[in-house]
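One structure is given below, encoded as structure tokens.
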Amino acid sequence: MKKNEDKFYGIKHFFKTNRLGTVGFILVVIFIVLGTFAPWIAPFDPNQMDLKNTLSAPDSTHLLGTDHNGRDSFSRIVYGARVSLVIAATSVILGSVTGVILGLIAGWFTQTETIIMRLMDVLLSFPSIIVALTIVSVLGADIKNLIIAIAIGQVPSFARLTHGQVLSIKKREYVLSQIVVGASDWRILFKGILPNILSSLIVQMSIFIPSAIMTASSLSFLGLGVRPPTAEWGGMLQESIKWYRRAPHMMIYPGLALMLVVFGFNSLGDGLRVAMDPKLKNR
């Protein structure tokens, strides 16, 4: 009971003392709700065309106007939230799991450290957008390949973080005691070490999700991401270029949605980092 009360107090303290993190949390929740309940929130089918009502300004029927094909912009933004969040979450989970496993192996089994970490250094030497652009160009432009490309670009960062954390705690008493009692290497890694570095990994994931969203939107903007007519914010921005003078709302609202979700995740990630780091918390 006391443990639950302490946990509740910690959550309450976070929202009370970290206003920017709270704003980020609220924005993240809003976009998650929009993406999850898109079929019930969106008033129209995002791909339903109405050629008699193209490039319409926002009104009571179409809250954010329509695009060049007469499709409802609000519905497409709502469905775009689902697509962007699914791509970002899936790629970050895939990249983090792969990177954490490689980092654990490199940090614990010293004979593999040089090979794994030098490979990670090679991948880190290229910007993640370049890595994703190259992979998508080779594999082809679709959602599955986009997720794989973004995940590969994030593996090195998670591997380096995990590797450093393992090196810093592998000589601590609770780890040495497990070695003395004859625990297997994998049990020590996944039962003894991983739970103690999980908070750092969660913070890293929350910070990398907006990066994944931006990468996915950038590739879609270049025509190498989500294929039309699927609603995706980067693709919507690309389509709006031709019509920004006649229908500026086509560019403003997808860009605003992208800006808010990135701001929300970044603010939440910074708030979690402060809350989980005793040094920053004391400041």
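Side-chain atoms are counted along with the backbone in the values below, which use heavy atoms only and exclude waters and symmetry mates.
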Would you check if Pro39 and Arg82 make a side-chain contact, meaning some heavy-atom pair closer than 4.5 Å? yes
Looking at every non-hydrogen atom in both residues, tell me the closest pair between Thr90 and Val86 and how far apart they are. OG1-O, 2.7 Å
Please determine whether the number of non-hydrogen atoms from other residues, nucleotides or ligands lying under 6.0 Å from atom CD of Gln111 exceeds 12. yes
Using the rule side-chain contact (heavy atoms from CB on, under 4.5 Å), only one of Met251, His68, His249 pairs with Ser240; which is it? Met251
Applying the side-chain contact (heavy atoms from CB on, under 4.5 Å) criterion to Met250, which one of Leu64, Thr66, Asp67 satisfies it? Asp67
Given side chains that start at C-beta, do those of Trp233 and Val83 come closer than 4.5 Å, heavy atoms only? no
Say you draw a straight line from CZ of Phe126 to CD1 of Ile130; how long is it, rounded to the nearest 0.5 Å? 9.5 Å
Side chain to side chain, Val92 and Ile150, heavy atoms closer than 4.5 Å: no
Once rounded to the nearest 0.5 Å, what's the spacing between atom CD1 of Ile77 and atom CG of Leu258? 10.5 Å
Between Leu260 and Phe208, is there shared hydrophobic-cluster membership here, with clusters defined by ILVMFWY side-chain heavy atoms closer than 4.5 Å? yes
If we ignore hydrogens and angles and just use 3.5 Å, is the side chain of Asp72 paired with the main-chain N or O of Phe44 as donor and acceptor? no
Tell me, do Leu201 and Thr162 make a side-chain contact under 4.5 Å, heavy atoms counted? yes
Test side chain to side chain contact (heavy atoms under 4.5 Å, CB included) on Leu222 and Gln238 and set out the steps. CA-CA 7 Å; Leu222 296 173; Gln238 197 277 335; over 6 Å; no
Indicate the atoms forming the closest heavy-atom contact of Arg76 with Asn47, along with that distance. NH1-OD1, 3.3 Å
By the ring-ring contact (aromatic ring centres under 6.0 Å, His included) test, which pairs, at least two apart or in different chains, include something from residues 77-121? Phe109-Trp186
Joint cluster assignment, Phe25 & Ile32, ILVMFWY side-chain distance < 4.5 Å: yes
Note: Gln165 and Ile197 closest approach over all heavy atoms is CB-CG2, 3.5 Å
Start with the C-alpha distance between Ile135 and Asn145, add both sets of side-chain angles, then the distance that settles side chain to side chain contact (heavy atoms under 4.5 Å, CB included), and finish with yes or no. CA-CA 8 Å; Ile135 295 172; Asn145 294 336; over 6 Å; no
Counting only N and O atoms by type, is there a donor-acceptor contact under 3.5 Å from the side chain of Lys170 to the main-chain atoms of Gly107? yes
From Ser73 OG over to Ile252 CD1, what is the distance, rounded to the nearest 0.5 angstrom? 11.0 Å
CA sep, side-chain torsions, deciding dist, call: Val122, Met117, side chain to side chain contact (heavy atoms under 4.5 Å, CB included): CA-CA 9 Å; Val122 170; Met117 297 317 297; over 6 Å; no
Tell me which donor-acceptor pairs under 3.5 Å the side chains of residues 264-271 have, and how far apart each pair is, sequence neighbours excluded?
from: Asn266; atom 1: ND2; to: Val262; atom 2: O; distance (Å): 3.3
from: Ser267; atom 1: OG; to: Phe263; atom 2: O; distance (Å): 2.8

Restricting to non-hydrogen atoms, name the atom on Gly70 and the atom on Thr54 that form the minimum distance, rounded to 0.1 Å. N-CG2, 3.7 Å
Kindly give the heavy-atom pair with the smallest separation between Ile169 and Ile193, and that separation in Å. CD1-CG2, 3.6 Å
Any side-chain heavy-atom pair of Asn53 and His62 under 4.5 Å: yes
Between the main-chain N or O of Val226 and the side-chain N or O of Thr230, is there a donor-acceptor pair closer than 3.5 Å? no
Counting N and O atoms only, with roles assigned by atom type, does the side chain of Ser84 sit under 3.5 Å from a partner on the main chain of Ala81, one being a donor and the other an acceptor? no
Same hydrophobic cluster for Leu194 and Ile93, using side-chain heavy-atom links shorter than 4.5 Å among ILVMFWY? yes
Taking 4.0 angstrom as the limit, do Asp45 and Arg71 come out as a salt bridge? no
Tell me whether Val97 is reachable from Ile152 by hopping between hydrophobic residues (I, L, V, M, F, W, Y) whose side-chain heavy atoms are closer than 4.5 Å. no
Is any side-chain heavy atom of Ile105 closer than 4.5 Å to a side-chain heavy atom of Glu113? no
Side chains of Leu237 and Tyr253: closer than 4.5 Å at any heavy-atom pair? no
Phe158 and Leu102: side chain to side chain contact (heavy atoms under 4.5 Å, CB included), yes or no, with the steps? CA-CA 9 Å; Phe158 284 102; Leu102 291 175; over 6 Å; no
Verify the distance criterion only: is there a donor paired with an acceptor across the side chains of Glu232 and Ser217 at less than 3.5 Å? yes
In Å and rounded to the nearest 0.5 Å, what is the OG to CZ distance from Ser177 to Arg172? 13.0 Å
Shortest non-hydrogen contact from Leu161 to Ser200? CD2-O, 4.0 Å
Within a reach of under 6.0 Å around CZ of Phe190, are more than 12 heavy atoms found that belong to other residues, nucleotides or ligands? yes
Gap between atom CD1 of Ile143 and atom OG of Ser91 - 0.5 Å precision: 12.0 Å
Taking the side chain as C-beta and beyond, is there a heavy-atom pair between Ser157 and Gln204 under 4.5 Å? yes
For the OG atom of Ser218 and the CG atom of Leu224, what is their distance to the nearest 0.5 Å? 11.0 Å
Count the heavy atoms belonging to other residues, nucleotides or ligands that lie under 6.0 Å from CD1 of Ile115, then report whether that count exceeds 12. no
Give the cluster check for Leu272 versus Ile30: same hydrophobic cluster or not, with ILVMFWY residues linked at side-chain heavy-atom distances below 4.5 Å. yes
